[in-house]
Every structure is written in C-alpha cells, then in structure tokens.
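Let me begin by presenting the structure, written as structure tokens, before commenting on it.
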Amino acid sequence: MAHGVVQLTRRRFGETMRRDAWWLPPLGAFVVLGSFLVYATWAAFQNANYEYGPYLSPLYSPLLFGPSPHAWFRSAPAWLPAVSPALLILPFPGGFRFTCYYYRGTYYKAFWADPPGCAVGEPRTTYRGERKLPLVIQNVHRYFLYFAIAFLFILAYDAWKGFWFPDAAGVRHFGIGIGSLVLTINVILLSGYTLGCHSLRHLVGGYLDRMAGRPVRRGAYSCVSCLNRGHMNWAWASLFWVAFTDVYVRLCAMGVWHDWRIL
C-alpha cells in the first residue's frame with residue numbers, strides 16, 4: 001500500500017485551524033494581569049492611605065519603618081533612601097508570582113504570544129526554553145517560595161490585629177469589622193495559592209519514588225496536592241483579593257468608604 005507524504009509547514013503568526021474562541025483566555029489574562037500591574041505600581045508609589053485604624057494594606061506589609069503603630073522600627077537607617085515602604089517588600093511576593101509555574105504559562109501566552117494558544121502559530125521560529133538568560137532566572141521560584149511562606153505569617157498577624165480596635169483611651173478591644181474579614185479572607189486565599197505551589201509539592205515529597213513508610217511526608221504531599229489541583233483558581237482569586245484589600249483600606253483611609261462594625 002502506498003503512503004502519501006505530508007509536508008509539515010510552520011504556521012504563520014496567529015494562523016490556526018481551531019474554530020473556537022481560543023484568543024479569549026489570553027486576552028482576559030492580558031487585561032487582568034495588566035490592570036493589576038498598573039494598579040499595584042500606582043499604589044506602591046502613593047506612599048499614603050495604606051493604613052486605617054488596625055488595618056494595614058497587604059501591599060505595604062510588613063511596614064518596616066515609620067511613625068505608624070504598624071511599623072516594626074521607628075526610623076530607617078541613614079543609608080536607606082527615602083522611598084515608599086511598599087517598594088521595599090513588593091519585590092518578594094511579586095517575584096514569587098512572576099516566577100510561578102502557572103503564571104509563566106499564562107503571561108507567556110498573554111504578553112509574549114509564545115505561543116498565543118495551543119495549535120496557533122507564534123511569532124518565534126526558534127525555541128530556547130528557560131536555560132539561558134533572561135528566562136533562566138525563572139528557576140529561582142523555589143527560593144521566592146520561602147519568602148512567600150514567611151509573608152503568610154506576617155499577613156496572618158496583620159489580620160489578627162485587624163480584630164482589635166482602640167477606644168478613646170487607646171485601649172484595644174476585640175471587635176469585628178468588614179475590614180477584619182477582608183484581611184482574613186486575603187490570608188486564606190494567599191495561603192491556598194502559596195501552599196499549593198508546585199515547588200512546595202516537590203519539597204514535601206514530590207522527589208521521592210515511594211511514599212511507603214513515610215506517613216508524615218505522604219500526608220503533607222496529599223494536602224499540597226489537593227491545593228495544587230485548584231492552583232489556577234487560587235492564583236486568580238488571591239490576586240484579585242490582594243488588590244481589593246488595598247482598595248478597601250485605601251478608600252476607608254480617604255473617607256470614601258465607612259468600615260462597618262459587625263461586633
């Protein structure tokens with residue numbers, strides 16, 4: 001039986017035989033990620049309206065220096081330039097998201113069209129992978145994970161402080177405001193995203209060939225794997241809520257919104 005030879009040709013940029021709206025996911029990712037980057041950059045340079053009573057915006061946490069009751073130290077060292085506090089800490093959670101395995105595949109499509117979609121022609125004619133500069137830097141993701149886990153404890157402490165309101169005499173009493181719940185939800189969503197990280201899954205047991213005889217490792221691996229299965233949802237939900245938390249604290253500090261006390 002004779003067999004015909006089919007010559008494979010490289011698709012031109014955007015060329016595809018797909019009939020579905022393949023361009024909607026990368027377009028949506030471009031709009032959402034682009035909007036978050038613009039807002040977070042703007043908010044970081046504002047250096048104002050990032051705290052309201054017991055509430056502190058996660059974009060400015062930890063607040064290292066300043067007269068604020070949220071600050072860890074009263075004054076900054078002389079060698080440190082006078083910059084917005086957010087610029088000192090945002091590179092760490094930002095680096096964790098930027099190098100995230102899920103976000104890589106998302107913004108490679110949305111911003112670089114590499115590729116724009118499965119079975120869709122891309123502008124590149126060569127493939128370098130992530131073994132050379134600048135993309136080899138993506139491999140530091142596992143180290144940003146350690147910082148991200150530390151930030152979870154810091155933000156959890158901020159959320160706890162958000163339940164304690166000072167009275168006229170300055171004595172703090174337990175209470176619940178809308179902002180208290182907003183800060184708490186922020187920690188929950190960030191924990192679901194961070195603790196479902198692919199790198200953490202590997203650290204707790206993903207590199208082992210057998211889990212038999214290691215009940216602690218097996219339990220930790222199962223928990224991380226459970227969160228990892230919804231990693232995409234955690235990633236988007238936590239991204240949105242971080243921005244919303246900053247918006248909530250900012251508008252309360254500006255007097256636009258009123259923080260309603262539940263208890």
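Here the structure is a predicted model, which means the values were calculated and not measured. Hydrogens, waters and symmetry mates play no part in the numbers below; they use all other heavy atoms, side chains included.
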Item to complete: For Cys100 and His141, run side chain to side chain contact (heavy atoms under 4.5 Å, CB included): C-alpha distance rounded to whole Å, both residues' side-chain angles, the deciding distance at 0.1 Å, then the answer.
Response: CA-CA 6 Å; Cys100 169; His141 179 64; 3.9 Å; yes
Is there a path from [X] to [Y] through hydrophobic residues (I, L, V, M, F, W, Y) whose side chains come within less than 4.5 Å of each other?
{"X": "Phe36", "Y": "Phe45", "answer": "yes"}
{"X": "Leu59", "Y": "Val256", "answer": "yes"}
{"X": "Phe13", "Y": "Trp112", "answer": "no"}
{"X": "Leu203", "Y": "Leu208", "answer": "yes"}
{"X": "Val242", "Y": "Ile188", "answer": "no"}

Roughly how far apart are [X] [atom1] and [Y] [atom2], rounded to 0.5 Å?
{"X": "Tyr102", "Y": "Met232", "atom1": "OH", "atom2": "CE", "answer": "5.0 Å"}
{"X": "His202", "Y": "Tyr221", "atom1": "NE2", "atom2": "OH", "answer": "10.0 Å"}
{"X": "Ser84", "Y": "Gln46", "atom1": "OG", "atom2": "CD", "answer": "8.5 Å"}
{"X": "Leu263", "Y": "Ile176", "atom1": "CG", "atom2": "CD1", "answer": "5.0 Å"}
{"X": "Tyr107", "Y": "Leu37", "atom1": "OH", "atom2": "CG", "answer": "10.5 Å"}
{"X": "Asn233", "Y": "Leu189", "atom1": "CG", "atom2": "CG", "answer": "11.0 Å"}

Discussion item. If you count heavy atoms of other groups shown closer than 6.0 angstrom to CH2 of Trp23, is the number above 12?
Written reply: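 For Trp23, atom CH2 is not crowded (no more than 12 foreign heavy atoms under 6.0 Å).
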Discussion item. Checking Asp114 against Arg124 for the salt bridge (Lys or Arg N to Asp or Glu O under 4.0 Å) test, could you report, in this order, the C-alpha distance in whole Å, the side-chain angles of both residues, the deciding distance, and whether it holds?
Written reply: CA-CA 7 Å; Asp114 189 21; Arg124 291 168 53 102; 3.7 Å; yes
Discussion item. Parallel, tilted or perpendicular, judged at 30° and 60°: which one describes the rings of Trp236 and Tyr103?
Written reply: perpendicular
Discussion item. Parallel, tilted or perpendicular, judged at 30° and 60°: which one describes the rings of Trp160 and Phe163?
Written reply: tilted
Item to complete: Please check if the distance between the ring centroids of Phe147 and Phe96 is under 6.0 Å.
Response: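 Phe147 vs Phe96: aromatic centres not under 6.0 Å.
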Item to complete: State plainly whether the residues Arg11 and Glu122 are in salt-bridge range, i.e. N to O under 4.0 Å.
Response: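 Looking at Arg11 and Glu122, the cut-off is not met.
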Worksheet entry | Steps toward side chain to side chain contact (heavy atoms under 4.5 Å, CB included) verdict (Glu130, Val136) | CA-CA 5 Å; Glu130 296 178 335; Val136 69; 6.0 Å; no
With no hydrogens and no angle check, is any side-chain donor or acceptor of [X] less than 3.5 Å from a backbone partner on [Y]?
{"X": "Arg214", "Y": "Arg210", "value": "yes"}
{"X": "Arg172", "Y": "Phe165", "value": "no"}
{"X": "Ser180", "Y": "Gly177", "value": "yes"}
{"X": "Tyr52", "Y": "Tyr248", "value": "no"}

Show me the side-chain donor-acceptor pairs of residues 190-200 shorter than 3.5 Å, one per line, residues at least two apart or across chains.
from   : atom 1 : to     : atom 2 : distance (Å)
Ser191 : OG     : Val187 : O      : 2.7
Thr194 : OG1    : Leu190 : O      : 2.8
His198 : NE2    : Asn228 : ND2    : 3.4
Ser199 : OG     : Tyr101 : OH     : 3.3

For residues 151-159, please give each side-chain donor-acceptor pair under 3.5 Å, one per line with the distance, not counting sequence neighbours.
from   : atom 1 : to    : atom 2 : distance (Å)
Asp158 : OD2    : Ser61 : OG     : 2.3

Worksheet item: So Leu80 and Leu88, side chain to side chain contact (heavy atoms under 4.5 Å, CB included) or not? Walk me through it.
Response: CA-CA 10 Å; Leu80 186 67; Leu88 300 177; 4.0 Å; yes
Give me the atom names and distance for the closest heavy-atom approach of [X] to [Y].
{"X": "Leu90", "Y": "Ala40", "answer": "CD1-O, 4.5 Å"}
{"X": "Pro116", "Y": "Val120", "answer": "CG-CG1, 3.6 Å"}
{"X": "Met211", "Y": "Arg218", "answer": "O-NH1, 3.2 Å"}
{"X": "Leu239", "Y": "Arg97", "answer": "N-NH2, 3.6 Å"}
{"X": "Leu63", "Y": "Pro85", "answer": "CD1-CB, 3.5 Å"}
{"X": "Tyr108", "Y": "Leu135", "answer": "OH-CD2, 3.8 Å"}

Worksheet item: Would you say Val249 and Leu56 make side-chain contact, with heavy atoms under 4.5 Å?
Response: no
Item to complete: Could you check if a side-chain atom of Asp167 sits within less than 4.5 angstrom of a side-chain atom of His173, using non-hydrogen atoms only?
Response: yes
Worksheet item: Which residue pairs pass the ring pair (Phe, Tyr, Trp, His ring centres under 6.0 Å) test with at least one member in residues 69-91, sequence neighbours excluded?
Response: Phe65-Phe73
Using only heavy-atom distances, determine whether the side chains of [X] and [Y] contain a donor-acceptor pair under 3.5 Å.
{"X": "Ser225", "Y": "Arg201", "value": "yes"}
{"X": "Asp246", "Y": "Tyr39", "value": "yes"}
{"X": "Thr99", "Y": "Gln138", "value": "no"}

Practice prompt. Take Asn47 and Tyr60 through the test side-chain hydrogen bond (donor to acceptor under 3.5 Å, both in side chains) and record every step on the way to the result.
Written response: CA-CA 9 Å; Asn47 195 15; Tyr60 283 78; 5.2 Å; no
Fill in: Check against side chain to side chain contact (heavy atoms under 4.5 Å, CB included), Ser57 and Arg250
CA-CA 8 Å; Ser57 166; Arg250 186 172 300 278; 5.5 Å; no
